[in-house]
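Structure first, then comments.
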Amino acid sequence: MKLIFKIQYKQATKLFFTLLLIGSVFSSTTYAQENDQKKKVRLSLDYNNTNNITRQLVTIVKTKIGRSYRGVSNTEVYFYLNQKSESNLLGVSTSNNKGVAVLDISKAIAKIVDSTFTFTFITAIENNSDYLNKSKKITIQESKFELNLIEKDSSYTAQIMLSTSSPTQANLPLEDVNVKLYVERMFGDLLISEGHESTNENGVINFDFPSDLPGKEDGNLTIIAKLEDDDDYGTLVAKTDMAWGVPLIINEKLDERELWTARANTPIYLLVLINGMILGVWGSIAYIILQIFKIRKLGKLEKLTV
Amino acid sequence: MKSQLETNHKLANDKAVTRAEQIQKDLWPRKFGLYGKIWVGVLLVIFITGTVCYIDQIRNGLHITGLGNYATWGIYISNFVFFVAISLVGSLISAILKLAKVPWRTPLTRISEMIAIAAIIFAGLVIIVDMGRPDRVMNIILYARLQSPITWDVIVISTYLAISILFLYMPLLPDLAIMRDRFKGIPAWQHKLYKRMALGWNNGPKQKLILAKSEKMLAILIIPVAFGIHTVTSWLFATTVRPGWDSSNFGPYFVSGAFMVGAGAVIAAMYIFRKFYKLENYFTDFHFDKMGKLLVLLSLIYLYFNINEYFVPAYKMKSIESEHIEALFTGAYAPMFWSVQILGMIIPIIVLLFKKGRKPKPMFIIAILVIIGAWFKRYLIVIPTLAHPLIPTDRVQEKWLHYGPTFAEWAITGATLAGALLIITALVRFFPIIPMEEIIEEGEIENNGKVS
Amino acid sequence: MFDSCDIILLRNFAGYINSTRTKINVNKKSVLISTKFFLKEHWKIMKEQENNHNNRRSFLKKGLTLGAFSATAVALAAFKDPETEETGEKVKLLSPDGELVEIDRAYLKPAPDVPAAMQKGREGIPGRKFVMVIDLAKCKNLRKCHDACEKMHNLTPNKEWLKVLKMKDNNQSSPYWQPTMCFHCDHPPCVKVCPVDATFKRTDGLVLIDNERCIGCRFCMAACPYSARTFDWEKPEMPTGMTHDDYSPETSVPAKMGTVSKCDFCPEMTRKGKLPSCVTACPNGVFYFGDENEDAVTNGDETVKLSELLKERSGYRFMEDLGTKPRVYYLPPVNRIFPFKDDEYTQQNKEE
């Protein structure tokens with residue numbers, strides 16, 4: 001009896017464990033199916049070159065939420081040179097709350113420039129738990145972007161020169177490329193040019209710079225020329241400081257004596273009137289109190305009764 | 001011959017002494033009887049209820065009131081204006097009537113000063129009650145900004161309080177001397193109090209001269225200050241651009257209203273003390289008659305300013321003002337507005353124009369109507385304006401769209417009124433309601449020749 | 001009887017004996033030398049232990065206080081600024097539990113100097129004069145600006161600093177949505193009437209409130225014609241991880257009971273060169289914000305010249321005739337992008 005029970009018990013446990021195994025396999029497949037529900041992303045890749053000093057790779061990661069595309073935050077983005085492989089990894093960056101991931105390659109660029117003067121960059125999202133793998137490749141032609149500020153008589157001209165190098169020729173001017181001129185303001189850059197000007201056959205644009213822009217106290221302005229989002233050349237930015245602005249004169253109304261200023265700047269008429277009245281009235285009150293003391297003194301001297 | 005003259009002289013002197021004794025006996029402060037104790041008891045109950053609610057307010061904030069982001073000022077502020085208004089009575093009776101050499105004002109001076117002091121003390125306390133951060137009340141002095149009407153209000157109110165205290169105390173000196181010398185059967189501490197406060201007053205000529213000069217100076221000083229407190233209080237409203245407050249008429253409008261309600265308060269006090277202290281010989285029918293005529297005059301002046309204040313904007317009906325005016329004349333506040341104007345101003349004028357209306361009893365009723373009407377008039381000045389902001393009200397809780405004072409607010413307001421009455425009661429308990437020495441002296445003038 | 005020094009000493013002695021067991025010579029001289037050496041060592045060790053002991057004691061005293069608020073400072077600092085960059089330099093602190101912890105120097109912030117924060121709050125960002133332009137032609141009553149403001153400043157639905165109002169100029173014209181907030185007027189009626197200098201105008205155009213000084217008289221609320229100010233009628237909810245010492249007129253958080261507050265043009269953000277939260281939150285670019293001195297305003301997408309914008313689009317100010325000189329301009333609701341539509345609240349009130 002006991003033996004039969006034992007055998008039955010063994011069989012039962014065996015059955016139980018096989019069932020458990022099958023169950024886990026199934027659940028893992030459903031789990032894998034869930035994994036296939038990862039979302040798609042859109043990637044954009046741009047190569048930024050500012051003043052030939054700072055070079056960055058900028059990726060914007062967006063995913064569809066509802067009807068519109070929104071930036072994906074806190075996602076790791078990989079940047080590669082030429083091909084996606086471990087050895088070609090330039091770096092990793094995490095996207096901010098607008099979905100923008102930036103990798104600074106200013107120092108690395110010297111090592112990767114070659115005789116073709118072109119770069120191929122790849123950005124990729126891979127092995128991400130929420131999003132499907134995606135990559136984007138761009139090929140950038142290294143170019144020279146110069147901003148010259150010319151002051152002649154009383155006219156200001158901003159001259160942009162755009163050229164590139166090829167294996168065959170150095171300083172090949174780039175024609176018909178749209179460049180915009182900006183001035184740096186506190187929260188953004190103000191567009192000065194019309195916006196549609198392009199380089200001529202010499203790779204040059206001359207902008208007339210307005211003379212009535214307000215600058216800092218010393219008249220300084222930060223003038224920026226931008227070639228934006230070009231498929232071949234990336235985003236090129238040239239920035240210079242120049243005292244071409246109207247100097248800022250601060251005429252501080254708050255230092256004057258007004259009704260709405262701090263207590264240190266009370267209008268004179270109020271000060272005089274109010275303090276005068278207080279002195280006059282309280283002076284009289286003080287005099288009357290003195291009279292009370294006089295009465296008391298008199299009372300002590302003459303001790304007559306009614 | 002000589003003995004006859006001597007006898008006559010002695011008789012006259014005796015008569016004078018007896019008369020003085022009689023006056024002193026009538027007027028010196030007495031212990032409270034049953035009515036007095038009930039009165040104090042009721043006031044204390046109201047005061048304590050309000051204080052408990054105020055402690056709740058300090059701990060939990062002003063949200064225990066019915067105030068909100070639109071109705072930011074409520075009955076605390078209207079109560080404040082009411083107190084400042086009543087306090088002007090001191091200057092009216094003690095100063096204006098004195099400088100006008102009105103002879104029948106003598107019995108009324110002390111009670112008007114007591115009312116003035118009680119009112120102005122509680123005006124200051126009510127403002128602190130209304131503050132969101134009473135723990136920072138010292139900031140008003142430490143960081144005072146002279147450009148602000150509140151700073152001006154603080155300055156004039158404290159000045160007025162100082163002058164009123166002096167104006168109560170100095171004429172009290174002769175009476176204190178009488179009580180120090182003549183008052184028997186009182187506890188030792190009370191006797192000591194009178195002795196200390198009397199400052200050795202002995203009715204000597206030099207002292208009398210100093211007193212007369214000081215009183216004259218105080219009388220001249222208090223009048224501009226009195227005009228000042230209520231004008232500056234009116235500027236708390238008139239310096240804003242809100243409908244109903246944006247008026248250049250506010251200064252005189254408030255001051256005239258203040259004199260009117262002050263007169264009403266004195267009449268009510270006169271009647272109560274006459275009844276409970278049996279002072280018919282001092283607060284005579286003659287006094288009521290004269291005060292009645294004074295009240296009519298003050299009410300007519302107030303009526304004049306009321307017409308200016310309401311008719312002129314109603315004629316123009318500027319869009320900012322129109323909603324407010326319509327609310328007062330025909331809208332939500334119309335019942336209160338018309339009751340106040342009719343019962344609180346028109347009817348008193350009409351009734352008091354008749355001699356029969358100027359008898360003590362009807363005058364007492366009229367005075368009570370005037371006082372209650374004045375309290376609600378201040379309500380009508382403060383609250384309807386805040387109910388009509390210049391931009392549309394939007395998306396606030398229902399409670400904030402219609403201001404209604406909560407029980408806590410009423411309790412605290414009641415406590416301030418009870419507190420003011422308690423101060424008057426306390427003063428009356430220890431100091432004579434009617435200036436004894438002045439009455440005696442006037443009587444002597446009367447006896448010596450002039451018959452009143 | 002034995003204090004810790006002695007025990008350490010004894011242990012050291014035992015260790016020394018052990019290590020030197022093999023080295024002890026029977027030689028008398030060497031015994032003398034080794035004894036002398038031992039005594040010297042003993043003396044050195046004892047001094048060291050004593051120093052350590054004293055140091056530990058004084059360290060305990062200083063460290064406990066330092067550690068106590070450093071621990072909170074760490075908590076606060078870590079909460080407030082997740083972007084704190086670690087310098088790599090570690091500092092040893094004694095935590096209130098008596099443990100020795102090592103924290104990166106970047107997290108150590110001194111206890112907030114409240115008077116200094118108040119004083120700094122009164123100084124404007126130098127050289128700036130902030131101005132805002134609201135394009136009524138683009139406003140669709142999405143209320144994203146209102147929600148962003150509520151989140152940034154820890155507000156409640158009854159405490160609205162930014163209201164989006166339904167306005168109708170007259171019976172013939174169509175209604176439009178108007179976002180309204182404190183206009184930071186150049187002739188502010190609220191600043192004029194404050195008795196304690198708690199609300200003040202700064203050189204950069206902002207009108208701010210010092211809630212450490214405000215006495216709650218609410219005169220400024222009565223004086224403001226635009227109903228821009230709110231009052232804390234009850235104890236406000238304290239945001240997590242904050243104390244009352246974290247308050248400054250530039251953050252306006254945490255709120256204080258019994259004081260007045262209002263829109264402050266987010267000076268905390270503008271000091272860092274970022275736009276106020278309502279400007280960035282609006283998806284339609286209704287709010288333009290910038291510096292009048294620079295003659296430029298931006299709505300996050302485009303930066304334009306302020307003078308040109310106001311001239312071309314006929315910018316006006318709300319209730320200009322009150323003479324308050326507001327710093328917020330409106331662009332009239334002409335050529336509207338979206339036709340007007342009532343929302344739930346205005347629909348209800350229309351029916352009344």
Side-chain angles (χ1 to χ4, degrees), chain B residues 57-65 67-74 77 127-128 130-154 235-237 239-242 245-246 319-320 382 385-386 389-397 399-400, chain C residues 143 146 156-160 163-168 170 178 180 189-200 210-236 256-260 318-319 321-324 343 345-346 349:
Chain B
Q57 185 183 293
I58 293 181
R59 284 171 54 216
N60 296 325
L62 279 160
H63 90 286
I64 66 164
T65 67
L67 298 168
N69 276 350
Y70 288 108
T72 49
W73 283 343
I77 295 289
I127 272 296
I128 296 178
D130 181 69
M131 273 166 66
R133 293 300 294 248
D135 55 312
R136 294 181 188 167
V137 72
M138 285 311 287
N139 282 3
I140 298 184
I141 299 168
L142 293 171
Y143 300 111
R145 237 179 118 256
L146 273 181
Q147 296 105 314
S148 168
I150 286 186
T151 313
W152 309 337
D153 218 6
V154 168
W235 287 350
L236 292 178
F237 308 103
T239 49
T240 68
V241 296
R242 292 183 180 260
W245 290 355
D246 191 8
S319 11
I320 292 182
V382 174
T385 296
L386 291 168
L390 282 83
I391 65 166
T393 54
D394 188 83
R395 268 160 253 251
V396 286
Q397 50 183 316
K399 177 184 162 196
W400 282 0
Chain C
R143 307 190 79 86
H146 173 267
T156 64
N158 281 320
K159 193 177 163 186
E160 284 189 309
K163 307 180 183 64
V164 182
L165 302 169
K166 175 185 173 183
M167 304 293 281
K168 195 165 197 257
N170 55 60
Q178 179 179 298
T180 314
C190 53
V191 175
K192 275 193 221 177
V193 296
C194 179
V196 293
D197 222 0
T199 184
F200 49 90
D210 179 351
N211 277 11
E212 287 291 332
R213 201 185 282 183
C214 176
I215 57 172
C217 68
R218 311 188 296 290
F219 198 173
C220 57
M221 291 177 80
C224 177
Y226 310 110
S227 303
R229 289 169 169 250
T230 62
F231 189 76
D232 277 290
W233 300 100
E234 49 191 323
K235 276 206 193 79
K256 315 250 171 183
M257 177 170 90
T259 59
V260 179
F318 190 49
M319 290 202 253
D321 46 309
L322 291 176
T324 53
D343 68 1
Y345 179 83
T346 53
N349 287 1

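Just so it is clear: chains get the letters A, B, ... in the order the sequence lines come, proteins before strands, and each one is counted from 1. Reckoned from all heavy atoms, side chains included, excluding hydrogens, waters and symmetry mates.
Put simply, of B:V396, B:D394, B:T151, the one with the most heavy-atom pairs under 4.5 Å next to chain C is B:D394. In terms of heavy-atom pairs under 4.5 angstrom with chain B, the leader among C:A198, C:S227, C:A223, C:P189 is C:S227. The residue among C:K235, C:K192, C:M319 with the most heavy atom pairs within less than 4.5 Å of chain B is C:K192. With respect to chain C, the highest number of heavy-atom pairs below 4.5 Å among B:R242, B:R59, B:Q147 belongs to B:R242. The choice from B:L67, B:T385, B:L146 that makes the most heavy-atom pairs within less than 4.5 Å of chain C is B:L67. Note: B:P149 leads B:P149, B:S319, B:P134 in heavy-atom pairs under 4.5 Å with chain C. When C:G258, C:P195, C:C224, C:G216 are compared by the number of non-hydrogen pairs under 4.5 Å with chain B, C:P195 comes out ahead. Note: C:A222 leads C:C217, C:A222, C:C214 in heavy-atom pairs under 4.5 Å with chain B.
Between the CD atom of B:Q57 and the CD1 atom of B:I64 there is a distance of 5.0 Å, given to the nearest 0.5 Å. Between the CD1 atom in B:I77 and the CD1 atom in B:I127 there is a gap of 4.0 Å [rounded to 0.5 Å]. Remark: C:R213 CZ to B:L142 CG distance equals 9.0 Å, nearest 0.5 Å.
For B:I58, the part sitting under 4.5 Å from any heavy atom of chain C is the backbone (N, CA, C, O) and nothing else. B:F237 does not touch chain C: none of its heavy atoms, backbone or side chain, sits under 4.5 Å away. With a 4.5 Å cut-off on non-hydrogen atoms, B:L236 touches chain C through its backbone and its side chain both. Neither the backbone nor the side chain of C:Q178 comes within contact range of chain B; no heavy atom of the residue lies under 4.5 Å from a heavy atom of that chain. Heavy atoms closer than 4.5 Å to chain B are found in the side chain of C:K163, but not in its backbone. The contact between C:L322 and chain B is made entirely by side chain atoms (from C-beta outward), counting heavy-atom distances below 4.5 Å. For chain C, no part of B:W152 is nearby; none of its heavy atoms comes within less than 4.5 Å. In this structure, the portion of B:T239 lying under 4.5 Å from any heavy atom of chain C is its side chain and not its backbone. With a 4.5 angstrom heavy-atom cutoff, C:N211 touches chain B only via backbone atoms. Residue C:V260: no heavy atom, backbone or side chain, is found under 4.5 Å from chain B.
Annotation: ring pair (Phe, Tyr, Trp, His ring centres under 6.0 Å) contacts of C:F200 (sequence neighbours excluded): none. Residues forming a side chain to side chain contact (heavy atoms under 4.5 Å, CB included) with B:I320 (at least two apart in sequence, or on another chain): B:P243, B:L390.
Put simply, the side chain of B:L62 reaches to within 4.5 Å of the side chain of C:F231, judged on heavy atoms. In this structure, B:T72 and B:L386 have side chains that are in contact, with non-hydrogen atoms separated by less than 4.5 Å. Counting only heavy atoms from C-beta outward, the side chains of C:K256 and C:P236 never approach each other to under 4.5 Å. Side-chain contact between B:R395 and C:P157 is absent, with no heavy-atom pair separated by less than 4.5 Å.
Between C:Y226 and C:F318, the ring planes are tilted. Angles from 30° to 60° get that label.
Using a cut-off of 4.0 Å between Lys/Arg side-chain N and Asp/Glu carboxylate O, B:D130 and C:R218 are scored as salt-bridged.
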